Amino acid sequence: MTEAKTPEKTRAARPAAVTLTPGAEARIAKLMAAAPDGAIGVRLSTPRRGCSGLAYSVDYVTEEQKFDEKIETPGGVFYIDGASVLYLIGSTMDWVEDDFAAGFVFENPNAKGACGCGESFTV
């Protein structure tokens, strides 16, 4: 008698909370190339700050946190702070440079408002 083979159940990979543009990925690679000793990646978080309540913060990270979302990029690992993921789902992160400024720019469908200077947002 032959054994019936049970099909394995697999879960579809969940899309990342934040989509990184090629410009953002290139900037992460540049940051990681110049990272201080011990840095294992770059983390995006949304600390309480500014007039609207939440701000975007990108910092080096030296250890992975249990609930961080981890995104492998060609230039290094990008983490999203576990407590910030819900505020960022569906967002796009880009790196923009012009003659006068350079920085990460976020297109966040969860943001219901922002302060006049663009430094913080509310959900």
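A quick note: this is a predicted structure, and the numbers were derived from the prediction, not measured. Reckoned from all heavy atoms, side chains included, excluding hydrogens, waters and symmetry mates.
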**Q** Do the side-chain N and O atoms of Asp94 and Thr21 include a donor-acceptor pair separated by under 3.5 angstrom?
**A** yes
**Q** Does Glu69 use its side chain to pair, donor to acceptor, with the backbone of Val85 at less than 3.5 Å?
**A** no
**Q** Give a yes or no answer on whether the side chain of Asn110 reaches the backbone of Tyr87 with a donor-acceptor pair at less than 3.5 Å.
**A** yes
**Q** Under 4.5 Å between any side-chain heavy atoms of Val42 and Val58, yes or no?
**A** yes
**Q** Calculate, to the nearest 0.5 Å, the distance between atoms OG1 and CG belonging to Thr46 and Leu88 respectively.
**A** 5.5 Å
**Q** If you group Ile, Leu, Val, Met, Phe, Trp and Tyr by side-chain heavy-atom gaps below 4.5 Å, do Tyr79 and Leu44 land in one group?
**A** no
**Q** Leu20, Val61: one ILVMFWY side-chain cluster at the under-4.5 Å cut-off?
**A** no
**Q** Does Ile89 share a hydrophobic cluster with Tyr56, counting links as ILVMFWY side-chain heavy atoms below 4.5 Å and allowing steps through other members?
**A** yes
**Q** What is the minimum heavy-atom distance between Tyr60 and Ala39, and which atoms define it?
**A** CD2-CB, 4.1 Å
**Q** For Glu107, give me all partners under salt bridge (charged side-chain N to carboxylate O under 4.0 Å, His left out), at least two apart in sequence or on another chain.
**A** none
**Q** Taking all atoms of both residues into account, what is the closest heavy-atom pair of Met32 and Ile40, and its distance?
**A** CE-C, 3.9 Å
**Q** Going by the salt bridge (charged side-chain N to carboxylate O under 4.0 Å, His left out) test, which pairs reach into residues 19-46, not counting sequence neighbours?
**A** Arg43-Asp68
**Q** Between Ser57 and Asp59, do the side chains contain an N or O donor and an N or O acceptor separated by less than 3.5 Å?
**A** yes
**Q** With the side chain counted from C-beta on, respond yes when Ile80 and Phe78 share a heavy-atom pair under 4.5 Å apart, and no when they do not.
**A** yes
**Q** Any link between Val96 and Ile28 through a network of hydrophobic side chains (Ile, Leu, Val, Met, Phe, Trp, Tyr) touching at under 4.5 Å?
**A** no
